[in-house]
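Have a look at the structure below, then the notes.
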There are 2 protein chains.
Amino acid sequence: MARTQGSHSDITGPRIREAAIRLFARHGYAAVSMRQIAKDVGVQAGALYNYTPDKQSLLYRLMRDHMRELLAAYDALGQGGDAQDALRRFVGFHIRFHLERPDEVFIAYMELRNLTPDNFAEIEDLRRKYENELEGILHQGQQSGLFSIADTKIATLAVIAMLNGVMTWYRSGGRLSLDEVEQAYWDMVRRSVTA
Amino acid sequence: MARTQGSHSDITGPRIREAAIRLFARHGYAAVSMRQIAKDVGVQAGALYNYTPDKQSLLYRLMRDHMRELLAAYDALGQGGDAQDALRRFVGFHIRFHLERPDEVFIAYMELRNLTPDNFAEIEDLRRKYENELEGILHQGQQSGLFSIADTKIATLAVIAMLNGVMTWYRSGGRLSLDEVEQAYWDMVRRSVTA
DNA sequence: ACCGTATCTGAACACATGTTCAAATAGAAC
DNA sequence: GTTCTATTTGAACATGTGTTCAGATACGGT
């Protein structure tokens, strides 16, 4: 026995991605075996190697694609307005983008230590690019007198950490709507940097 | 060959703890084997089982003890002053306590998913207790008109997330002193909740 | 000096791991 | 209908996993 019905690269490829994302997010990269992923897809373990050279690359590509999507989506937002407008745009974007992909986000910042040094460096580079977008906003607001920030680097990381916290508890259909959550975080972020 | 020179429960026990903390923090619970821990201690894998019934309990006790220490240390801080004083005390305590134990902290919130359901529930209970301390402060400040917070539950988690961010970047001997870091975070936290 | 016990070793167990590959087959192209 | 190739299987490989345990040994008490 070998090739099964309905087998095709266009189908199996994405299904492997989806299964890996779900399983890595749920149990962690190290705790998930190639056989578990294969079983979830409905295929034997060996078949996975038509789509990834090894387990490490599977993780790396997941994270790399996620970070690229993040940067591309933020870029597509466009610019305009003053620093406060830009900050508000950033907060809203960050919350919504991340809540739409909880599994990818979880992986992207929980599995960094399971990347090889080379892969780690590349992902870190992408992450830095995103942080720089926020730091640029804060820096500009500080220059123009709109914000009052002791250290823009600290503030950047503090704001991102604060926003990331939303993923540890928010569940759609819960007590608060997405708009209410966004409003609450925006209030806190705005006040934490405003002069 | 068997029992080696200088072997004693009082020595090996703590060394196993320390090795497990370091290795779990560095590579993750699932990626660290009992043999690696044993090698780090300078002992055979079998010897570990004089100190822990199994690998899971090793992780659980690490996290449980850490959370208990956290709660005990915060309790020992004492009370007094208004909500703003209490909040300042909380911020300073949280930053300092967590920066003193980066490995334990890392484990305590990265390895939750590797706990059995029972163990997970117990750790979550302790974490909740700690969060309630902060929520109490915010709630009291809101009642007394000192703070202006839309939702104390969100604010609690946002503040803790913000403070936890410090551990992702702070290194002693870096650009900023501990006092400067504490001051910067306190400024942001205060402004984010103050009326 | 001897004994008893706490402590550790080393080997073993059964099973899981990532990865490779010849052989088998389903679907596309003609 | 035949051929060709992309795709999958199933078995195998070497190594690693958590855990157990009989036997060996060093230390504390007498």
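Labels below follow one simple rule: chain letters A, B, ... track the order of the sequence lines, proteins then strands, and each chain is numbered from 1.
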Any donor-acceptor pair under 3.5 Å between the side chain of B:Arg35 and the base of D:dG16?
no
Answer with base, sugar-phosphate or nothing: what part of the nucleic acid does A:Val41 contact at a heavy-atom distance below 4.0 Å?
nothing
How would you label the contact of B:Gln56 with the nucleic acid (heavy atoms, under 4.0 Å): base, sugar-phosphate, or nothing?
nothing
Thinking salt bridges, do [X] and [Y] make one under a 4.0 Å N-O criterion?
X	Y	value
B:Glu182	B:Arg89	no
A:Glu18	A:Arg15	no
A:Glu111	B:Arg113	yes

Compare the minimum distances between each of C:dT19, C:dT9, D:dT8 and the side chain of B:Ala47, then state the nucleotide with the smallest one.
C:dT9
Quickly work out the [X] [atom1] to [N] [atom2] distance and round it to whole Å.
X	N	atom1	atom2	result
B:Ile11	C:dA6	CD1	C1'	13 Å
A:Tyr49	D:dG10	OH	P	17 Å
A:Tyr51	D:dT8	OH	P	4 Å
B:Asn114	D:dT17	CG	P	15 Å
A:Met34	D:dT15	CE	P	20 Å
A:Gln44	C:dT25	CD	C1'	15 Å
B:Lys55	D:dT20	NZ	P	15 Å
A:Leu23	C:dT17	CG	P	12 Å

Comparing nearest nucleotides in DNA chain C, the 5'-proximal residue of the pair A:Gln36, B:Ala45 is B:Ala45
I want to know whether B:Phe97 and B:Tyr130 have ring centres closer than 6.0 Å.
no
NZ or CZ of A:Lys55 within 45° of A:Tyr60 ring axis and under 6.0 Å:
no
With respect to the phosphate group of D:dT8, does any side-chain polar atom (N or O) of A:Thr12 fall under 4.0 Å of OP1 or OP2?
yes
For B:Ser33 and D:dT17, is the shortest distance between a side-chain N/O and OP1 or OP2 below 4.0 Å?
yes
